[in-house]
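Quick notes on the structure that follows.
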Amino acid sequence: MNYDFKEIEKKWQGYWAKHETFKAHNDSDKPKYYTLSMFPYPSGAGLHVGHPLGYIAGDIYARYKRHKGFNVLHPMGYDSFGLPAEQYAIQTGQHPAITTETNINRYREQLDRLGFSFDWSREVRTSDPKYYKWTQWVFIQLFNSWYNTDTDKAEGINTLTAIFENEGNLTVNAVCDDDTPGFSADDWKQFSKTEQEKILLKYRLTYLAAAEVNWCPALGTVLANDEIVNGVSERGGHPVIRKKMTQWMMRITAYAQRLLDGLDTIDWPQPLKDSQTNWIGRSEGASVIFKVLSPTPSEGGGVYSRLTGDSSMIGVLLERAKEMRKNPTPAEDSLWQALRNKNLDVKFRRQHPIHKYIVDFVSLEKNLIIEVDGEIHQYQLNEDAERQLLLEQKKGFKVIRFTNNEVLENIEGVISKIKGHLDSPSLGGGWGEDPSQSEIEVFTTRPDTIFGVSFMTLAPEHELVAKITTAEQKAEVEAYIEATAKRSERDRMADVKTISGAFTGAYAEHPFSKAPIPIWIGDYVLAGYGTGAVMSVPCGDQRDYDFAKHFDIDIPNIFEGVDISEEAFADKEKTIIANSDFLNGLSYNKAVKRAIFELEQLGQGKGKVNYRLRDAVFSRQRYWGEPFPVYYDANGMPQMIADEHLPIELPEVEKYLPTETGEPPLGNATNWAWDTNTNKVVSNDLVTPSAVEGSNNGIYPLELNTMPGWAGSSQYFNRYMDPHNDKAIYSEEAVNYWEDVDLYIGGSEHATGHLLYSRFWQKFLFDRGIAPKEEFARKLINQGMITGTSAFANQGYVTGYKTENGFEGKRASNVIFLLKQNENGKKDKFQYSNNDVKYVFFSSDYEYIEEYKKGEFAAPFNQVIPHRFDVGFVENNILNIEGYASNHDSFKDSLFVVPGGFWLNGKFTELFEGKSRVFVTRPEVEKMSKSKYNVVNPDAICDEYGADSLRLYEMFLGPLEQSKPWNTAGITGVHSFLKKLWRLYHSGSNGAFHVADSPSLEGLGEAFKTLHKTIKKVEEDIENFSFNTSVSTFMICVNELTAQKCTSKAILEPLAILVSPYAPHIAEELWEKMGHQTSIAEAPFPKFEAKYLVESSKEYPISFNGKMRFTLELSLDLNKDELEAAVMAHEKTQAQLAGRTPKKIIVVPGKIVNIVG
RNA sequence: GCAGGGAUGGCGAAAUGGCAAACGCAGCUGGUUUAGAACCAGUACUCUGAGAGUUCGAAUCUCUCUCCCUGUACCA
């Protein structure tokens, strides 16, 4: 009976599904083991052989743990929200849910063929409303929480409001926005509800902010930092620009230190930990405050820039403002005339850029903004509110609003209202203020070098730039800002060598020496890191050094015995400070401490820890993602929808693109408003403009953004524990039983995305008592990538060829010169002419390709370029020409040139006798990808060799964590192993099943030795995730048992269990044939017994001066001296020594004997 | 630049201080059989990226260098 893998695999896959063999139970006396593979995004391309690697490893471990008596949870699901389905929807109009469903079905089919022991009853899909209900729920928990620095954990927002009511916020130590104002308990009580909510938003763990984001115009969405590669989008490679938008943010920075500390408690790969550590980027140093000096009269002091716009967008805004001034609305025009004629004693500007907005009218000296609104789209309410919030709180302006009607019908009333505001005492100050009140805060890791400061550099986007720039420098600074704003992030990165900057004309005061320090701006200082300003120490920092050299700024040396004439000196260890007053002679460590101490005495600095980690942007302008459970009330404040009304399901839209007004795709939905009376999603038409007093009907617009890809994947590992619970994210019993993931397997590309965010959410859930463990995965393994082998050959690139309209292009293109052997064996030029030939390919072993490249045969070709052939038609680097040409229409009429001649339309023309006729491709290892024509489909492998062969082979390829090239040819090795294994159990006549039931244990010594050697090795290998070596071990074992003609059940039964985690189908089949009624899945793993491996003697290698010369079989009972005596007495030893006396004899019992001399 | 990982036959690799190359692919020789293939038996090659050190003994530990991969970057 032959090994019929097709039949066997189908049979057992059916059996497992029918009997729910791998269903995990939440109540069991067995110890739990939770092994998880990262769930896939179900892409349209399906699986290739690289994808299952991690799943196979996880499955082997899961099956092994079942044999070891654990209650194993091994679930699988789909990360089914994502961009490709949405892109496909945009192109075809097909709903992403349909695309996703189709893809999932295809994935499932492919996964099922591989015989995984997944508990499919627990499947989750992130795009399923029943699942994302709980993603929305976690978001609400985050919204309702703040981070208490005193207790060092997240707490409910009610504990915060309780403090505010009793003490105000001055005693609160919390992670919050930088611009949070201080207030007393009385102030708090005086605040309106909206004002209170604005304050609370500064504390919540998820909050709204105008964040500078990575905007990808081509994709119409914001991307996270980890979704950008080399300045372009990871998906599609589109350019990315910086843009300010109001976004939901996650206050992950609150957890920076704990995310760092937690790494010590988990068994994750060091490179992964390192990249998280770098991403969090903790640096210790000091924050130092520099006072800005008053400008001297000679610098024309007192004239400060009126530039109030956000510097990064100023160019665009100015253009826009100019245009708007030219085309005022009637109401704007009327108010402008009135403001100029009414003798208000205050100068107004119209259409003036402030921050990222253009306001209608503004008095810069009075900090008063007047806005005139026309008919506005309801969704703009939210934006207006946000704009007002920003202008009032961040920029210190007062904003008053009028409608067009008010202005046109009652201009006198409007003017008197404005007068009232102008007279109110709260206005004033602002942009007229003296810059010497200003302070520049910097972060430095080298406070010890404070006396080396010879200038300061601000990021061009820094807030103070406009304020401190002197009249003389204004033009230069503005020009520089504009130039920088135009440069994309990519340009800036590509060109880090160019040094650029501008002098502001202003000076700061050195905190100790009180010397004036010039203030520059330069784009090597990043607005997004630290405070966006640096104290420049050219002698100690290469960037500062280069900047100083370039602009001819003084470079004082504050290091003892160091030459800084060529470059900066940055070695902390060797630092001895000089020329630095009280720091003289101190080492780095001591100087840092002293400098911080002195700064604290002055009140101009303190020790500080800075993190590179930024709060994470949580809004995406996409359709195919989780909708936020958020609506905006009449004041534009975000409100959470109560838990019991979740999920808020994605609305239907007609188009999946952003709206014409630039709103996210959900802006296309017609049913996307929240009725607080009925708690239902209702038509947008029911929303009334809240600007009109008293028309509030309790129906509000819903949030238009959706959540990012990492939202759903940040809680799925917990949800698997109790996936169908609709009352809670999971039951307490379930989470207390499973607790956390014991083994997590997945790719390292998620290091700073999914794996960091998930840790953040888990810590948050832990703080709030929702999860029992602070880290969600104890052990993590990164499987390596399986690379593909692309098949290259050269293509002569022809621009002109015959078409239906006659010949197009160059006439020469259809003449191909080749070499031909003449009668004398010499080579002649051979001219081949055929108008139908479109492409010419040269076999990789075609000798004259160089001459083509050099142009010696160049007439027909523009160039010779490499061409990738579909690896499906390549075997052992030989192309199946006919198969390839007939399956690729465009290459049908191609000429395939080989050393012996050429092929065209299946016919061979010989030019050289006896030379090769096969077309050879050149293999090159690349990432496996459809576009590289090098993907290998697991289905084809399963058809030809079976799932067990594929599983074994993927493991056999090499160490799990290493990247390795795929080579289908090698699979015959493991496949014939399986056949040998099968034959071992079918040693009867005609291959009949034969396993001896009642063996005589006598005479099985060798077999037991083989078995237990195998048990020991396989068990060790699985525990160490060294799956490749256990496959070898199986091969050795089967080879040995076959040689021993072993048929004993006592050997073959345990062997089937050993093999079962790797090749479960064949193991089940053999198990059944040996008389078992139930699945092998929970059969106890064979117990290793050392007694079978006890040896009485050993082949000792005998070395002379470390070189092995021969071996001697000696008893293991001999002690050192006896061994030495036995070896020295031997004739071979004497022969080697040839009369010399050894200086020294090293005897290691059980290992080796080494004779020196 | 920084951080991490790596370099062993023609290829994938094994050996973590003690007989280098187990196991498999490819190659070669022979056999059995065949529509194709498959199967069986046998077999060669190469000496651990370079250099130095520690050691009785180094692929393995230490140092220096070279090259490759991965991640990350004006991070103050």
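Chain letters run A, B, ... following the sequence lines, proteins first, then strands; residues in each count from 1.
Side-chain N/O atoms of A:N1028 include one lying less than 4.0 angstrom from OP1 or OP2 on B:rA14. Dashed line: the shortest gap from a side-chain N or O of A:R446 to OP1 or OP2 of B:rC75 is not under 4.0 Å. The shortest distance between the side-chain N/O atoms of A:K1143 and the OP1/OP2 oxygens of B:rC56 is not below 4.0 Å. Phosphate contact (OP1/OP2 of B:rG12, side-chain N/O of A:K964, threshold under 4.0 Å): absent. Phosphate contact (OP1/OP2 of B:rG24, side-chain N/O of A:N1039, threshold under 4.0 Å): present. Distances shown here put every side-chain N or O of A:R612 at or beyond 4.0 Å from the OP1 or OP2 atom of B:rA76. Not one side-chain nitrogen or oxygen of A:Q962 sits closer than 4.0 Å to the OP1 or OP2 atom of B:rG12.
Among the protein residues, A:T972 comes within range of the sugar-phosphate backbone only, with heavy atoms under 4.0 Å from sugar or phosphate atoms but none that close to a base. Within 4.0 Å (heavy atoms only), A:S976 reaches sugar-phosphate atoms of the nucleic acid but no base atom. In this structure, A:R983 reaches the sugar-phosphate backbone alone: every heavy-atom distance under 4.0 Å involves primed, P, OP1 or OP2 atoms, never a base. At the heavy-atom level, A:N1154 lies under 4.0 Å from base atoms of the strands shown. Among the atoms of the strands shown, none is found under 4.0 Å from any heavy atom of A:P269.
Across all non-hydrogen atoms, the minimal contact from A:I266 to A:K273 is O-NZ, 2.8 Å. Shown here for A:F290 and A:A508, the closest heavy-atom pair between the two residues is CB-CB, 4.1 Å. Closest approach of A:I252 and A:R614 over heavy atoms only: CG2-O, 3.4 Å.
Using cut-offs of 30° and 60° for the angle between ring planes, the A:Y1062 and A:F1027 rings count as perpendicular.
Checking B:rC75, B:rA14, B:rG18 against every side-chain atom of A:I1152, the shortest atom distance belongs to B:rG18. For A:K1151, the side-chain atoms get nearest to B:rG18 when compared with the rest of B:rC23, B:rC75, B:rG18.
Spacing of C1' atoms, B:rA21 relative to B:rC65, comes out at 27 Å, to the nearest Å.
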(request) Report the C-alpha separation of A:R282 and A:E284 in whole Å, then their side-chain angles, then the decisive distance to 0.1 Å, and conclude whether the salt bridge (Lys or Arg N to Asp or Glu O under 4.0 Å) test is met. (result) CA-CA 7 Å; A:R282 181 193 154 101; A:E284 273 180 56; 2.8 Å; yes
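For RNA chain B, runs of at least 3 consecutive pairs of the Watson-Crick or G-U wobble type, with both hydrogen-bonding distances under 3.5 angstrom, map to B:1-7 with B:66-72, B:10-12 with B:23-25, B:27-32 with B:38-43, B:49-53 with B:61-65.
A salt bridge links A:K1016 with A:E1020: the closest approach of a Lys/Arg side-chain nitrogen to an acidic carboxylate oxygen falls below 4.0 angstrom.
Ranked by how close their nearest RNA chain B nucleotide is to the 5' end, A:P1101 and A:K980 are led by A:P1101.
Ring to ring, A:F547 and A:Y524 are close: their centroids are under 6.0 angstrom apart.
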